[in-house]
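The structure presented is a predicted model; accordingly, all values stated were derived computationally and were not measured. In listed order, ligands and their atoms are each counted from 1.
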Amino acid sequence: MEFSLTPNLTPTPEQRRAEILAAPGFGVYFTDHMASATWTPADGWHEAGVVPYGPIMLQPAAAVLHYAQEIFEGLKAYRHADGSVWAFRPEANGERMRRSSRRLALPELPVEDFLGSIEALVRTDVDWVPTGEEQSLYLRPFMFASEAFLGVRPAAEVRYLLIASPVASYFASGVRPVSIWLSTNYTRAARGGTGAAKCGGNYAASLAAQLEASANGCEQVCFLDAVDQRWVEELGGMNIFFVYADGRLVTPELTGSILEGITRSSILELAKAEGLDVEERRVDIAEWREGVASGEIREVFACGTAAVITPVGRLVWDGGEVGDLTAPTGEVTGRIRQALVDIQYGRAEDTHGWMRRLL
Ligand SMILES: *Cc1c(COP(=O)(O)O)cnc(C)c1O
């Protein structure tokens, strides 16, 4: 598909854009354009274009508003020192979006068109790719049931949109450990459910637990498996890793209810290349509590595109807590984070072939 351009005739004034890029926050400001395409059974994907960013028309009966047939992706475009702009493993996001489509009975967007939309939008709004330290242009592709129909079946009209938002480093004042609330009243996903798909419904289901976390003074939630309420799965939007005193790196294995993060896979590959022992297996919540208390687990960190790697300082549950929020970022956590960020910003050689040049 060719994404033809309909230019925004009233783009953000240059000076206003400069102000935004100086302090972009996260997901607050959006660029002047968005990419769009529509799918119907008769025509497949069509009406591909880059159009002015703005409100979209939707019938109140649009199926997504009732039955949540929706998926999304999240990735970033990075500005390198020579001015070039790159994406980190965008093909992997495109592949994951296809897998999510299959689970949510949405049409598959070919990876080539997924990449085409990213290239077309970034080319149009390249002045929005920030140059500051650990800043980037966050890209949010998403797809939803736009058909106006209240019957329950996969929609016969679907929209794909890609919007972009300049973002600052998640950690404005340096990397800082977070506290995690262990959710035992709620689970995020169960076997056979949608946990492995990146869909809005999973996030909606995590919000009550997130409120519980805040009420208990924590910033993030950790979910356990739905059956035994015993095995560590992941946070609401990040995967989790444990660093053992003997140097092993452990992360919960993919069971079908965990989202396969691209940051997670990249860390596994980086760690193997560094010669670290890596284990993907089930992790008992007791192993986490006791491991941190005894010192057998030296470091815990969460990972995802938005914050890259976030050290976990403390785990809190109904009746206790373990860990230390004031501890400095662990040595292995810091090293892996730096290795990843250096590849993304072009400061280290991309030996894995992860970076794709957009401009
Ligand atoms: C997106 C997401 C992640 C992290 O995936 P990345 O590809 O590393 O950004 C982890 N867990 C959930 C539930 C997610 O939606």
| How far apart are the C-alpha atoms of Arg289 and Leu182, what are their side-chain angles, what is the distance that settles it, and do they pass the side chain to side chain contact (heavy atoms under 4.5 Å, CB included) test? | CA-CA 11 Å; Arg289 289 172 177 162; Leu182 181 68; 3.6 Å; yes
| task | Start with the C-alpha gap between Met143 and Trp39, add the side-chain angles, then the distance that decides, and say whether side chain to side chain contact (heavy atoms under 4.5 Å, CB included) holds. | result | CA-CA 10 Å; Met143 189 192 289; Trp39 178 92; over 6 Å; no
| task | Carefully, step by step, assess Met97 and Tyr160 under the rule side chain to side chain contact (heavy atoms under 4.5 Å, CB included). | result | CA-CA 11 Å; Met97 193 168 203; Tyr160 167 76; 4.0 Å; yes
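Close approach of ligand 1 to Arg188 (heavy-atom distance below 4.0 Å) involves ligand atoms 13 (C). Heavy-atom proximity to Glu234, at under 4.0 Å, picks out these atoms of ligand 1: 10 (C), 11 (N), 12 (C), 13 (C). Atoms of ligand 1 lying under 4.0 Å from at least one heavy atom of Arg96, given by number and element, are 5 (O), 6 (P), 7 (O).
In this pair, Trp288 and Phe242 present their aromatic rings perpendicular. The plane angle is above 60°, beyond the 30 to 60° band. Between Phe241 and Phe301, the ring planes lie parallel to each other; the angle is under 30°, not in the 30° to 60° tilted range. Classification of the Phe30-Tyr53 ring pair by plane angle, with boundaries at 30° and 60°, yields parallel.
Annotation: Arg264 places no N or O atom under 3.5 Å from an N or O atom of ligand 1; distance criterion only.
Note on ligand 1: Gly236 sits in its first shell, one or more heavy atoms being nearer than 4.0 Å. For the ligand labelled ligand 1, residue Gly74 lies outside the 4.0 Å heavy-atom shell.
The closest non-hydrogen atom to atom 1 (C) of ligand 1, taken over Glu260, Lys198, Lys76, comes from Lys198.
Summary of contacts: the protein heavy atom closest to atom 15 (O) of ligand 1 is Tyr203 OH, 2.5 Å. Ranking the protein heavy atoms by distance from atom 9 (O) of ligand 1 puts Thr305 OG1, 2.6 Å first. Closest protein heavy atom to atom 8 (O) of ligand 1: Thr263 OG1, 2.6 Å. Looking only at protein heavy atoms, the nearest one to atom 3 (C) of ligand 1 is Gly237 O, 3.3 Å. The protein atom (non-hydrogen) at minimum distance from atom 5 (O) of ligand 1 is Gly261 CA, 3.3 Å.
The same ILVMFWY cluster, assembled from side-chain heavy atoms under 4.5 Å apart, contains both Val64 and Phe72.
Checked for salt-bridge contact, Glu108 and Arg102 meet the test: a charged N lies under 4.0 Å from a carboxylate O.
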